[in-house]
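Below: one structure in structure tokens.
These figures come from a predicted structure and were not determined experimentally. Note that ligands are numbered from 1 as they come in the structure, with each ligand's atoms numbered from 1 the same way.
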Amino acid sequence: IPTAKYGASAARFDHWIRTDFVELNTQLEELYFAQSDKANVAGVGDDLKDALRRGGHEHIVALWREGNTDDGFDSAFGVLGNVGLYMGALRRHELTNPDTEDRSPFPEASSLALHIGATIGMAPRFATAHLATHNYAVNGVRKSYTSLKDEFLFIDENTRGILALTEAAEALARIVPLGVSNMVALDLFESAAKSLERAIKINQGLFDNLDRDRFFYCVRPYYKPYRVGREVYRGANAGDFAGINQLDLLLGLTRASDPYYAQLLVDKLLFMTPGDQAKLKDTMRYPSLLDSLLGLAGHAEADWFKRAGAAYLKVADLFAETARQHHDNLVKKFIVGPSDDLGDQHLQQVTASGPPLPVLIRALEKLRDFRTAAKRDDIETRADDIAKLRELVS
Ligand code: HEM
């Protein structure tokens, strides 16, 4: 989001977010992390917390009084992200907590976020896109909460992962108007496979290089739910982009009408940019590539069928691997493991999406099992259909 497009107040706020805000959060993180109970924030660095609250408030009141959201989408989106980063930090430092309040104690920030969110058609909080795919760097400085190297690693690798999955989804979406029997579809399957191989390397890099405790204690807490006005908005997560769901739907691993998955799609739409919302809605109307292939099973002996079927299965297998990595490696190492070490008083506050950890893990398991087409009795995965396609292709 080019700052050149900002009005004067928005530009000043953006500068503050990229400088003092990062400095204050980083100092607070170092204080928390030095304690034997790293999860404790109570009574630590109160002067810094106060400077953070007051610093952002000044900018926000100026913007809120201007009441101007008319500098175009980029500017509105950028201001929404900055207000959201500020509110996310207030939540992280326990200057607000949705469990003990029935409305946000920050009415000006809430009103500004609600105004902009409604104007551009997004949830009134910071979204993944603000720190990932739309994190505009000014002279090499991208936005972040802190200057900790593990936060940059997380932000950068999330962005790379999102871009890789988005590329894979776009390649598959281009097959739809060509049809699976068109020879050119093979190029697109191949291009999707290459992007997924890249996503696998990115996941592995995060698994190997991210510091478990730094991530859990100093990065993850900024992604908690918080109140805007009266409502609680769930935390941002790296899944808030269209590509992941386009892959699910185009590969046919679940359906937009599946009772569980339909709810998930509706819940996440407003956490995406309007561009991604449009892409996802489009994809919800397409037939899946798996259904297209199985519908042509009568041609299973044809050369084109064998090749297209094998190309589909290669992509589906690679996608399954990314899902296994996410759940069995990343979620396990960076969320479940350190949560086991936490005292009960902190555990309640762990997940970005809000539900208690065991409930969240069960929900993520379902997604992994859709994506790996695992056999399950309680949800409709495509285990049998994928097995059938393997047989037809072999
Ligand atoms: C959601 C953990 C990196 C894609 C989630 C959730 C957790 C989580 C706990 C559930 C929602 C929440 O509470 O936030 C992690 C950890 C990561 C990581 C610990 C690395 C340290 C990534 C990356 C991607 C990704 C690199 C790929 C771009 C997703 C998706 C969702 C999600 C798509 C939404 C649920 C789904 O559709 O599977 N993640 N994640 N995550 N994450 Fe990650």
Report the part of I162 in contact with ligand 1, treating N, CA, C, O as backbone and CB onward as side chain, heavy atoms under 4.0 Å; options are side chain, backbone, both, neither.
-> both
Partner of E29 under salt bridge (Lys or Arg N to Asp or Glu O under 4.0 Å), chosen from K149, R92, R214 | R92
Atoms of ligand 1 less than 4.0 Å from N158 heavy atoms?
-> 3 (C), 22 (C), 23 (C), 26 (C)
Does any non-hydrogen side-chain atom of K143 lie less than 4.5 Å from one of D14?
-> yes
Looking at L367, which atoms of ligand 1 are within less than 4.0 Å of one of its heavy atoms?
-> 35 (C), 36 (C), 37 (O), 38 (O)
At under 4.0 Å between heavy atoms, which part of L360 makes contact with ligand 1: side chain, backbone, both or neither?
-> side chain
Between L270 and M122, is any pair of side-chain heavy atoms under 4.5 Å apart?
-> no
Donor + acceptor pair across side chains of Y6, H15 (<3.5 Å) = no
Answer with side chain, backbone, both or neither: which part of L210 has a heavy atom less than 4.0 angstrom from an atom of ligand 1?
-> side chain
Look only at interatomic distance and state if K268 has a nitrogen or oxygen under 3.5 Å from any nitrogen or oxygen of ligand 1.
-> no
Hey, is R220 touching ligand 1 through its side chain, its backbone, both or neither, going by heavy atoms under 4.0 Å?
-> side chain
Restricting to pairs with a member in residues 194-206, which pass salt bridge (charged side-chain N to carboxylate O under 4.0 Å, His left out), not counting sequence neighbours?
-> E167-R198, E190-K194
Would you mind running through ligand 1 and noting each atom that sits below 4.0 Å from a heavy atom of G161?
-> 28 (C)
Taking the six-membered ring for Trp and the single ring otherwise, decide whether the centroids of H59 and Y86 are under 6.0 Å apart.
-> no
Does D385 come within less than 4.0 Å of R382, counting only side-chain N to carboxylate O?
-> yes
With heavy atoms of N203 as the reference, note each atom of ligand 1 found under 4.0 Å away.
-> 26 (C)
Do you see a donor-acceptor pair shorter than 3.5 Å between the side chains of Q204 and D208?
-> yes
Which pairs pass side chain to side chain donor-acceptor pair (under 3.5 Å) with one or both residues in residues 256-268, sequence neighbours excluded?
-> N245-Y261, N245-K268, D248-Y261, Q263-D267
Considering only heavy atoms of F334, which atoms of ligand 1 have at least one such atom less than 4.0 Å away?
-> 19 (C), 21 (C)
Applying a 4.0 Å heavy-atom criterion (strictly less than), which segment of D240 is in contact with ligand 1: side chain, backbone, both, or neither?
-> neither
Taking both backbone and side-chain atoms of H326, is any N or O found less than 3.5 Å from an N or O belonging to ligand 1?
-> yes
Any heavy atom of R371 under 4.0 Å from ligand 1? The part involved is side chain
